[in-house]
Amino acid sequence: YNFGQPSPNPNAAIINLGTLQASAGGSIVLSAPSVRNEGVIEATLGTVVVGGAKTFAVDFYGDKLLSYAVTGPIDQASTAPDGSPAGVVNTGTLNADGGRVLVTSRAAANIVDNLINNTGFVQANSVSIVNGTVVFDAGDGGVSIGGNVSAVGRNDGDTGGTIKALGRTV
C-alpha cells in the first residue's frame, strides 16, 4: 500500500487521545507529518507503527509481518493544531508484547531538530518465548527518549527483546 499523495494541508496531523487496540497479531499504523499519541495503542503479538512522514508505504507480507517505509520526508516545519512539532510525540502508551513497536520519522535537512520525542511508555515484552522489539528510528534526525521503554522477558525461557535508538543525535 503506497500512500504517495501527501495531504494538501501542511499542518496535517494525527492526534490519538483514546485507546486503539488491534486483535492478537494485528497491526496499527498512524502516519502523518505530525503524529501525537496521548492515549493507548496496543497490538499484542503484532505491530504498532507511529510514523512522521509526508508520504509512506506499508507492506503486509502475509506472515503477520509488516514493513513500513517513509517514501517522502517531512519538508515543512509545520505544527499540529495542538502546537505539536512535525515528527512523532508519544506521551501515552505504545504496546506490542511479543511483537514490534516502530517509532520512526524522516525530515528534510534543518526542518526539525528532534523528530521523535518520547516521554510516555513503550513496551514490547516477550510473550511465550516470542521476543518483542522496540525501535526508535529518526534517520539523520534526533531522538529524545524519556519515559519508560521495556522489552523484558518475565517468564522461564524468555530472554527479553531488543530496544534500538537510531538517529543523528540520541
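In what follows, every heavy atom counts, from backbone to side chain, and hydrogens, waters and symmetry copies are set aside.
- Checking Thr91, Asn37, Asn90 one by one against Asn118, the side-chain hydrogen bond (donor to acceptor under 3.5 Å, both in side chains) holds for a single residue, Asn90.
- No donor-acceptor pair closer than 3.5 Å links the side chain of Asp97 to the backbone N or O of Gly99.
- In this structure, CD in Gln123 is found 10.0 Å from CD1 in Ile163, a value given to the nearest 0.5 Å.
- Of the possible polar contacts, one joining the Thr71 side chain to the Thr55 backbone as a donor-acceptor pair under 3.5 Å is found.
- Here the side chains of Val40 and Asn16 are not in contact, with every heavy-atom distance at 4.5 Å or above.
- Looking at heavy atoms from C-beta onward, Ser105 lies in side-chain contact with Ile74 at the 4.5 angstrom threshold.
- In this structure, CG in Leu102 is found 8.0 Å from OH in Tyr68, a value given to the nearest 0.5 Å.
- A continuous path of Ile, Leu, Val, Met, Phe, Trp and Tyr side chains, each step under 4.5 Å between heavy atoms, connects Val88 with Leu94, placing both in one hydrophobic cluster.
- Both Leu166 and Phe56 sit in one connected hydrophobic cluster of ILVMFWY residues. Membership requires side-chain heavy atoms under 4.5 Å apart, directly or through other members.
- The nearest pair of heavy atoms linking Ser126 to Gly161 is OG-N, 3.8 Å.
- Listed by chain and number, the residues in a side chain to side chain contact (heavy atoms under 4.5 Å, CB included) with Val152 are Asn125, Ser150, Arg154 (sequence neighbours excluded).
- Residues Leu20 and Val122 are members of one and the same hydrophobic cluster, defined by side-chain heavy-atom contacts under 4.5 angstrom among Ile, Leu, Val, Met, Phe, Trp and Tyr.
- One hydrophobic cluster, built from ILVMFWY side chains closer than 4.5 Å, holds both Val35 and Val101.
- Of all heavy-atom pairs spanning Ile116 and Thr104, the tightest one is CD1-CA, 3.9 Å.
- Distance CD1/Ile41 to CG/Leu30: 4.5 Å, rounded to 0.5 Å.
- A pairwise comparison of heavy atoms in Asp75 and Lys54 identifies OD2-NZ, 2.7 Å as the closest pair.
- Side chains of Val49 and Leu66 form a contact here, defined as non-hydrogen atoms less than 4.5 Å apart.
- Note: Ile28 CD1 to Gln21 CD = 7.5 Å, rounded to the nearest 0.5 Å.
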Please list, one pair per line, the donor and acceptor atoms closer than 3.5 Å that link side chains of residues 133-149 to other protein atoms, with sequence neighbours excluded.
residue : atom : partner : partner atom : Å
Asp137  : OD1  : Arg106  : NH1          : 3.4
Asp137  : OD1  : Arg106  : NH2          : 3.3
Asp137  : OD1  : Gly139  : N            : 3.0
Asp137  : OD2  : Arg106  : NH2          : 3.1

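- The shortest heavy-atom contact between Ala12 and Pro33 is O-CD, 3.7 Å.
- Transitive grouping of hydrophobic side chains (ILVMFWY, heavy atoms separated by less than 4.5 Å) keeps Val50 and Phe121 in distinct clusters.
- The line from OG1 of Thr162 to CG of Asn131 is 7.0 Å long, rounded to the nearest 0.5 Å.
- Between atom CG of residue Asn11 and atom OG of residue Ser34 there is a gap of 8.5 Å, rounded to the nearest 0.5 Å.
- Closest heavy-atom contact between Gly98 and Val130: O-CG1, 3.3 Å.
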